[in-house]
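Worksheet for the structure shown next.
Along the sequence shown, residues carry numbers from 1. For the numbers below, each heavy atom of this structure counts, side chains included, while hydrogens, waters and symmetry mates do not.
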Amino acid sequence: QAQLVESGGGLVQAGGSLRLSCAASGRTFSTYAMGWFRQAPGKERECVASISWTGGIRVYADSVKGRFTISRDNAKNTVYLQMNSLKPEDTAVYYCAAGGAAGLHTTYHYWGQGTQVTVSS
């Protein structure tokens with residue numbers, strides 16, 4: 001059974017950093033595009049970053065561009081989201097997902113359970 005498990009969330013002050021990890025198991029995700037999504041209370045879920053299976057294509061939402069970096073280690077079946085200069089508006093549950101093509105609006109087929117990120121002002 002395919003499974004994605006996020007970790008690394010927590011509470012951080014504004015201006016701080018966190019690194020989220022997403023470990024895949026149950027199947028090989030090295031040929032899948034991977035994305036990081038977030039959903040804040042009362043808001044729709046949005047894709048903030050996506051990476052192609054080779055890592056050659058990386059796409060970011062305008063709201064995180066220049067502050068967040070997505071990367072992957074296919075040998076470890078793991079994708080990361082380095083988040084710097086965090087703002088209170090980054091507070092959300094963050095999810096990783098696997099899909100067929102990198103992009104903020106493409107279709108993702110497998111989802112993790114999410115990890116909470118809270119940024120205090």
Side-chain angles (χ1 to χ4, degrees):
Q1 183 177 358
Q3 189 174 22
L4 299 174
V5 179
E6 301 94 337
S7 61
L11 174 64
V12 64
Q13 288 188 330
S17 298
L18 283 175
R19 189 176 81 153
L20 305 183
S21 299
C22 173
S25 62
R27 67 183 300 138
T28 300
F29 284 91
S30 60
T31 58
Y32 283 80
M34 301 294 293
W36 281 100
F37 291 73
R38 68 185 182 188
Q39 187 166 21
K43 295 188 177 181
E44 291 188 356
R45 185 174 59 192
E46 63 169 338
C47 185
V48 297
S50 178
I51 187 169
S52 62
W53 73 273
T54 64
I57 298 172
R58 306 184 193 198
V59 184
Y60 298 94
D62 288 343
S63 58
V64 307
K65 202 171 293 183
R67 299 188 298 121
F68 290 11
T69 302
I70 189 171
S71 62
R72 66 190 299 162
D73 185 338
N74 286 340
K76 296 182 178 179
N77 244 5
T78 302
V79 64
Y80 306 96
L81 185 68
Q82 177 67 43
M83 305 186 295
N84 298 328
S85 302
L86 283 161
K87 305 175 181 180
E89 51 263 44
D90 294 319
T91 295
V93 178
Y94 283 72
Y95 301 87
C96 71
L104 301 181
H105 304 289
T106 54
T107 300
Y108 290 82
H109 308 288
Y110 301 96
W111 294 84
Q113 83 291 345
T115 185
Q116 176 71 46
V117 171
T118 303
V119 184
S120 63
S121 57

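The structure places CZ of Arg67 at 12.0 Å from CD of Gln82, a figure rounded to the nearest 0.5 Å. In this structure, OG in Ser121 is found 9.5 Å from CD in Gln13, a value given to the nearest 0.5 Å. To the nearest 0.5 Å, atom CE of residue Met83 and atom OH of residue Tyr94 are 5.5 Å apart. Here the SG-CZ distance, from Cys22 to Arg72, works out to 9.5 Å after rounding to the nearest 0.5 Å. Atom CG of Leu104 is separated from atom CH2 of Trp36 by 15.0 Å, given to the nearest 0.5 angstrom. Note that the CD1 atom of Ile51 and the CD1 atom of Ile57 stand 10.0 Å from one another [nearest 0.5 Å].
Applying the 6.0 Å contact sphere to NZ of Lys76 captures no more than 12 heavy atoms from other residues, nucleotides or ligands. Shown here is His105, whose NE2 atom has no more than 12 heavy atoms of other residues, nucleotides or ligands within 6.0 Å.
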Going through the checks in order, is the side chain to side chain contact (heavy atoms under 4.5 Å, CB included) test met by Ile70 and Tyr60? CA-CA 9 Å; Ile70 189 171; Tyr60 298 94; 3.5 Å; yes

Side chain to side chain contact (heavy atoms under 4.5 Å, CB included) for Arg38 and Val117? Distances and angles first, verdict last. CA-CA 9 Å; Arg38 68 185 182 188; Val117 171; over 6 Å; no

Checking side chain to side chain contact (heavy atoms under 4.5 Å, CB included) for the pair Lys87/Ser63: CA distance, chi angles, key distance, verdict? CA-CA 10 Å; Lys87 305 175 181 180; Ser63 58; over 6 Å; no

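A donor-acceptor pair is defined here as one N or O able to donate and one able to accept, closer than 3.5 Å; such a pair exists between the side chain of Thr91 and the backbone of Val119. Between the Arg58 side chain and the Ser52 main chain, no donor and acceptor come within less than 3.5 Å of each other. No donor-acceptor distance shorter than 3.5 angstrom exists from the side chain of Asn77 to the backbone of Ala23, with no hydrogens or angles considered. Remark: the backbone N or O of Ala101 is paired with a side-chain donor or acceptor of Thr106 at under 3.5 angstrom. Side chain of Thr118 to backbone of Leu11: no donor-acceptor contact under 3.5 angstrom is found. At least one donor-acceptor pair under 3.5 Å links the side chain of Glu6 to the backbone N or O of Gln113. In this structure, the side chain of Ser50 does not engage the main chain of Ala102 through any donor-acceptor pair within 3.5 Å.
Closest heavy-atom contact between Ala40 and Ala92: N-CB, 3.8 Å.
Counting heavy atoms from C-beta outward, Tyr110 and Phe29 have side chains that approach closer than 4.5 Å. Between Phe68 and Leu81 the shortest side-chain heavy-atom distance falls below 4.5 Å.
Applying the disulfide (SG to SG under 2.5 Å) test to residues at least two apart or on different chains, none of the pairs has a partner in residues 48-91.
Side-chain atoms of Thr78 and Asp73 form no donor-acceptor pair, as typed in the model, at a separation below 3.5 Å.
In the hydrophobic cluster analysis, where Ile, Leu, Val, Met, Phe, Trp and Tyr join through side-chain heavy atoms closer than 4.5 angstrom, Val59 is grouped apart from Leu20.
As a member of the Ile/Leu/Val/Met/Phe/Trp/Tyr network built from side-chain separations under 4.5 Å, Tyr95 groups with Phe37, Val93, Tyr108, Trp111.
In this structure, Arg19 satisfies the cation-pi test against Tyr80, with its NZ or CZ atom closer than 6.0 Å to the six-membered ring centre and inside 45 degrees of the ring normal.
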